[in-house]
Amino acid sequence: MATLLAEDFSLDKTLCSGQVFRWQRTPQGFLGTIEESAVLLAQSGRRLTYSSHDGALKRKTLSRYLGLHHPLKSILSEVSRDARMAEAARTHFGLRVVQAPRLECLVSFILSAYSNIPRITRSLELIARRKSAAITNAGARCFAFPPRERLMTLRESTLRSCGLGYRAPYVRKAIIAADQGFLQDVTELPYLAARDRLKTLPGVGDKVADCVLLFSFGFLEAFPIDVWMDRVLARYDAKGSYAAKSAFARDYFGRYAGYAQQYLFHNERTTL
DNA sequence: GGCCAGGCCTTGC
DNA sequence: GCAAGGCATGGC
């Protein structure tokens with residue numbers, strides 16, 4: 001068990017705001033996987049304790065995963081352009097935008113199309129069980145999201161058996177692209193070009209691309225717009241195409257628009 | 001047993 | 001460009 005000082009941070013809000021899907025609450029804390037490690041996380045005040053089953057999880061890897069490198073206070077003060085956003089910032093203070101592994105994030109959000117969170121979680125879990133051995137931490141078994149080389153051995157039919165439905169070929173192609181360095185290439189691009197590039201993958205449109213750019217590539221200006229955010233944006237009188245609304249949001253909230261999105265999104269989902 | 005789903009793709013204007 | 005329908009399955 002190691003300790004990390006985590007200021008201005010809420011583990012609960014960060015892991016339970018729809019950015020990542022496979023963390024589960026246990027009596028000892030949150031159990032999940034990062035890279036090849038089974039990880040247990042618990043927070044007490046500003047103290048974050050963590051352990052990995054093999055001791056391989058590096059502090060820096062964890063810190064990055066949880067978005068602890070983002071200057072939260074200054075980000076929130078920058079995006080709080082109005083009372084509504086300022087209120088969401090107060091209510092959910094400590095929520096951070098994660099920086100999850102790229103391929104895992106891409107697969108997760110391809111699965112999110114026309115689906116729901118329990119189902120996304122289930123499919124990811126089935127994929128993990130197919131290609132990863134069980135690892136145990138705190139007496140609980142879990143399965144790491146498989147690395148690219150092992151995902152490459154998944155046939156489309158096997159993906160279907162994990163409940164992906166018509167998304168199976170999309171995921172299969174995304175894995176192949178990743179294996180050819182596609183995701184690395186995307187990191188070299190500026191935001192809008194990166195979004196266009198991601199959208200060349202089948203099954204990846206504006207919304208999925210923005211989620212992936214925000215939750216794994218670290219493009220904090222990305223502002224994913226789903227049905228929930230559409231409701232929020234209506235109150236800002238933002239109308240038109242996805243491109244138009246997304247441009248409005250980036251212009252209005254600025255370079256950290258993605259943080260505004262995450263707070264407003266979480267706020268919309270947790271308050272009636 | 002239906003209805004619905006954290007969008008995307010394909011048509012047809 | 002933009003508005004409609006269809007979509008494999010599983011959750012509720």
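The basis for the numbers below is simple: all heavy atoms, side chains too, and nothing from hydrogens, waters or symmetry mates. Here is the naming used below: chain letters follow the sequence lines, and residue numbers restart at 1 for every chain. Keep in mind it's a predicted model, so treat the numbers as computed, not measured.
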When all nucleic acid strands are considered with a 4.0 Å heavy-atom cut-off, which category describes [X]: base, sugar-phosphate, or nothing?
{"X": "A:L111", "result": "nothing"}
{"X": "A:R167", "result": "base"}
{"X": "A:P202", "result": "sugar-phosphate"}
{"X": "A:F215", "result": "nothing"}
{"X": "A:Y170", "result": "sugar-phosphate"}

Distance (rounded to the nearest 0.5 Å) between A:E104 CD and A:F215 CZ: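 A:E104 CD to A:F215 CZ: 13.5 Å, rounded to 0.5 Å.
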
A:L214 side, atom CG; A:Q19 side, atom CD - distance, nearest 0.5 Å: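 If I round to the nearest 0.5 Å, the distance is 7.0 Å.
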
Mind calculating the distance between [atom1] ([X]) and [atom2] ([N]) to the nearest angstrom?
{"X": "A:D230", "N": "B:dG7", "atom1": "CG", "atom2": "C1'", "result": "12 Å"}
{"X": "A:L106", "N": "B:dG7", "atom1": "CG", "atom2": "P", "result": "16 Å"}
{"X": "A:I120", "N": "B:dC8", "atom1": "CD1", "atom2": "P", "result": "12 Å"}
{"X": "A:L159", "N": "C:dA8", "atom1": "CG", "atom2": "C1'", "result": "14 Å"}
{"X": "A:D206", "N": "C:dG1", "atom1": "CG", "atom2": "P", "result": "13 Å"}
{"X": "A:Y166", "N": "B:dC8", "atom1": "OH", "atom2": "P", "result": "9 Å"}
{"X": "A:L198", "N": "B:dG7", "atom1": "CG", "atom2": "C1'", "result": "15 Å"}
{"X": "A:K245", "N": "C:dC2", "atom1": "NZ", "atom2": "P", "result": "11 Å"}

A:E87 versus A:T91, side-chain donor and acceptor atoms under 3.5 Å: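 There is such a pair between these side chains.
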
Distance between P atoms of B:dG1 and C:dA8 (Å, rounded):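 Approximately 23 Å lies between the P atom of B:dG1 and that of C:dA8.
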
5' precedence on DNA chain C between A:G165 and A:N116 (nearest-nucleotide basis):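 In this pair, the answer is A:G165.
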
ring centroid sep under 5.5 Å plus plane angle under 30, A:Y114 with C:dC7: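 Ring-base stacking flag set for A:Y114 and C:dC7.
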
Pairing pattern in dot-bracket form [Watson-Crick, G-U; both distances under 3.5 Å; | = partner strand] for DNA chain B: .||||.|||||||

Proximal nucleotide (of C:dG11, B:dA5, B:dC8) relative to the A:P118 side chain: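 Closest nucleotide to the A:P118 side chain: C:dG11.
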
Upstream residue (5' side of DNA chain B) when A:A209 and A:R119 are each assigned their closest nucleotide: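 Going by which nucleotide is closer to the 5' end, it is A:R119.
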
Partner set under ring pair (Phe, Tyr, Trp, His ring centres under 6.0 Å) for A:H53, not counting sequence neighbours: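 With sequence neighbours excluded, A:H53 shows a ring pair (Phe, Tyr, Trp, His ring centres under 6.0 Å) to no residue whatsoever.
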
Shared hydrophobic cluster for A:F143 and A:L40 (ILVMFWY, side-chain gaps under 4.5 Å):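 No, because A:F143 and A:L40 fall into different hydrophobic clusters, even though each may have its own neighbours under 4.5 Å.
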
Shared hydrophobic cluster, A:V98 / A:L11 (ILVMFWY, side-chain heavy atoms < 4.5 Å):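 Looking at the clustering, A:L11 is in the same group as A:V98.
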
Other residues, nucleotides, ligands: >12 heavy atoms within 6.0 Å of A:R235 CZ: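 Counting other residues, nucleotides and ligands, CZ of A:R235 exceeds 12 neighbours.
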
Option among A:Y236, A:Y259, A:F248 that satisfies the ring-ring contact (aromatic ring centres under 6.0 Å, His included) test with A:F253: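 Looking at A:Y236, A:Y259, A:F248, the match for A:F253 under the ring-ring contact (aromatic ring centres under 6.0 Å, His included) is A:Y236.
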
Short side-chain N/O contact to C:dG11 OP1/OP2 from A:R122, under 4.0 Å: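 Yes, within the criterion.
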
